[in-house]
Amino acid sequence: MSSTQSTAVPVSSLGSQARAVVELFTSQGCSSCPAADRVLAELKKDPTLIAVSLPITYWDYLGWKDTLADPRHTARQTAYSHARGDRAVYTPQVVVNGTTHVLGSDKAAIEGAVARGRGRATALSIPVRVTVADGRVSVSAEAARPAVASTGAAPVAATTGEVWLLGVTSAIEVAVGRGENTGRTIVYNNVVRRWVKLGDWTGATRSWSVPVGEIKADKVDAVAVLVQGGSAKAPGTIFGAAFERLN
C-alpha cells in the first residue's frame with residue numbers, strides 16, 4: 001500500500017454519491033461464490049451503489065489458486081470480523097457500509113442491509129467528489145457535520161479514520177481450471193486491484209491529487225474512494241464514498 005501527500009486541488013464534478021458501499025468477499029475456488037458474483041453484477045448496475053469484488057486467498061489450497069486474490073482482501077475481511085466481534089469469515093460474504101455482513105448470494109438480504117444502513121448516523125454522511133482529468137485523479141471530501149440517526153440518537157460527527165483510493169477493473173473473465181469450479185468461466189465485476197492510502201481523516205475538508213499512472217495497472221479502468229472510520233487493521237463505518245470511470 002502506498003500513500004500520497006495532500007494537495008489543494010479543486011474538484012469540479014461530483015462522483016457518484018452512493019447510498020451504500022457493498023463489498024463482496026469471493027473466491028474462484030468456492031463453489032457457492034458464482035451465484036454471489038452474479039448478484040454483484042446486478043448490483044453494479046445501480047448507480048446509487050458502489051459494489052466491488054474483493055477476491056480472497058484462503059481457499060487456494062483446495063486445488064486452484066485464485067488468479068485475482070489479494071492477501072489484503074483476506075486481511076480486510078478478517079479485520080471486519082474482529083471489529084464486529086463475531087469472527088464470521090466466509091465466502092461468499094458481503095459487508096455493507098463497513099458494518100453489516102450478509103450472505104453474498106442473497107440479494108434480498110443485501111438490499112435489507114442497505115436499507116438498514118441508511119439509519120446509521122455517520123454512514124455515508126460525508127460528501128465525496130472524484131474527477132479524472134489531465135492525467136490525474138482528484139478527490140475532495142467535505143468537512144464532517146454532526147449527523148442524527150433515524151432512531152433519534154444524539155448528533156455525532158465522523159472525524160476519525162482513513163481515506164483510500166481503490167483501483168478497480170470493471171469486468172474480468174476467468175476460466176477456472178481446477179478445484180470446485182473446474183471448467184467454469186466466471187465473470188468478476190468491479191474487482192479491486194490497487195489500494196492507495198490518500199491520508200488520515202480528521203473531519204476537516206481535504207483534497208488530494210494522484211497521477212492516474214500510479215493506479216492504472218492490472219487493467220484498472222475505474223476508481224472508488226472510501227472515507228472509512230477506524231484503520232486498515234480495524235475498519236469501521238464508511239463515512240463517505242464515490243466512484244468514477246478512468247476511461
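Note that the structure is a prediction, hence the values are computed from the model and not measured. Residue indices begin at 1 and follow the sequence shown.
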Do [X] and [Y] make a side-chain contact, defined as non-hydrogen atoms from C-beta onward lying under 4.5 Å apart?
X	Y	value
V114	R19	yes
N190	F243	yes
T100	V95	no
T202	T159	no
V227	V128	yes
V137	L165	yes
R193	L68	yes

If two hydrophobic side chains count as joined below 4.5 Å and joins carry through other members, does [X] share a cluster with [Y]?
X	Y	answer
V223	V163	yes
V191	I215	no
W195	Y188	no
V220	V132	yes
L246	W208	yes

Hydrophobic cluster of L103, others only, ordered by chain and residue number, side-chain cut-off 4.5 Å
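When side chains under 4.5 Å apart are linked, the cluster holding L103 also contains Y90.
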Name each donor-acceptor pair under 3.5 Å that joins a side chain in residues 169-178 to protein atoms two or more places apart or in another chain, with its distance.
{"residue": "T169", "atom": "OG1", "partner": "D218", "partner atom": "O", "Å": "3.0"}
{"residue": "T169", "atom": "OG1", "partner": "K219", "partner atom": "O", "Å": "3.2"}
{"residue": "S170", "atom": "OG", "partner": "D221", "partner atom": "OD1", "Å": "2.8"}
{"residue": "S170", "atom": "OG", "partner": "D221", "partner atom": "OD2", "Å": "3.2"}
{"residue": "S170", "atom": "OG", "partner": "R245", "partner atom": "NH1", "Å": "2.5"}
{"residue": "R178", "atom": "NE", "partner": "G63", "partner atom": "O", "Å": "2.9"}

Rounded to the nearest 0.5 Å, what separation is found between the [atom1] atom of [X] and the [atom2] atom of [Y]?
X	Y	atom1	atom2	answer
I126	S140	CD1	OG	11.0 Å
E244	R129	CD	CZ	13.0 Å
L43	R38	CG	CZ	13.0 Å

Smallest separation among heavy atoms of [X] and [Y], with atom names:
X	Y	value
V96	A113	CG2-CB, 3.8 Å
A158	S125	CB-OG, 4.4 Å
S31	N181	CA-OD1, 3.6 Å
D37	V187	CB-O, 4.3 Å
L24	A36	CD2-O, 3.7 Å
V89	T78	CG2-CA, 4.1 Å

Under a 3.5 Å distance rule, please check whether [X] uses its side chain to pair with a backbone N or O of [Y] as donor and acceptor.
X	Y	result
Q93	A88	yes
T237	F239	no
H73	P55	yes
D70	R72	yes
S105	A35	no

Could you walk me through whether N97 and T99 pass the side-chain hydrogen bond (donor to acceptor under 3.5 Å, both in side chains) check?
CA-CA 6 Å; N97 291 343; T99 56; 5.9 Å; no
Look at D86 together with R84 and state whether they make a salt bridge at an N to O cut-off of under 4.0 Å.
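A salt bridge links D86 with R84.
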Thinking salt bridges, do E142 and R206 make one under a 4.0 Å N-O criterion?
no
Side chain to side chain donor-acceptor pair (under 3.5 Å) partners of E162, counting only residues at least two apart
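Result, side chain to side chain donor-acceptor pair (under 3.5 Å) vs E162: W164, K197.
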Pairing residues for T91 by the side-chain contact (heavy atoms from CB on, under 4.5 Å) criterion, not counting sequence neighbours:
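Applying side-chain contact (heavy atoms from CB on, under 4.5 Å) to T91 gives C30, C33, I56, Y58, W59.
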Just do the side-chain contact (heavy atoms from CB on, under 4.5 Å) check on L226 and V21 with the steps written out, would you?
CA-CA 9 Å; L226 303 180; V21 176; 4.1 Å; yes
Determine which pairs satisfy side-chain hydrogen bond (donor to acceptor under 3.5 Å, both in side chains) with at least one residue from residues 225-234, sequence neighbours left out, and list them in order.
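Counting only pairs at least two positions apart or across chains, the side-chain hydrogen bond (donor to acceptor under 3.5 Å, both in side chains) contacts touching residues 225-234 are R76-Q228, Y80-Q228.
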With side-chain contact (heavy atoms from CB on, under 4.5 Å) as the criterion, how do L54 and Q77 come out once you've worked through the C-alpha distance, each side chain's angles and the decisive distance to 0.1 Å?
CA-CA 9 Å; L54 291 89; Q77 186 183 25; over 6 Å; no
Carefully, step by step, assess S81 and R87 under the rule side-chain hydrogen bond (donor to acceptor under 3.5 Å, both in side chains).
CA-CA 4 Å; S81 73; R87 304 299 175 98; 5.5 Å; no
Tell me, please, which residues at least two apart from D106 pass salt bridge (Lys or Arg N to Asp or Glu O under 4.0 Å).
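Partners of D106 under the salt bridge (Lys or Arg N to Asp or Glu O under 4.0 Å) test: none.
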Given the rule in the side-chain contact (heavy atoms from CB on, under 4.5 Å) test, do Q28 and T67 qualify, once you have shown the distances and angles that lead to the verdict?
CA-CA 8 Å; Q28 295 167 17; T67 61; 2.9 Å; yes
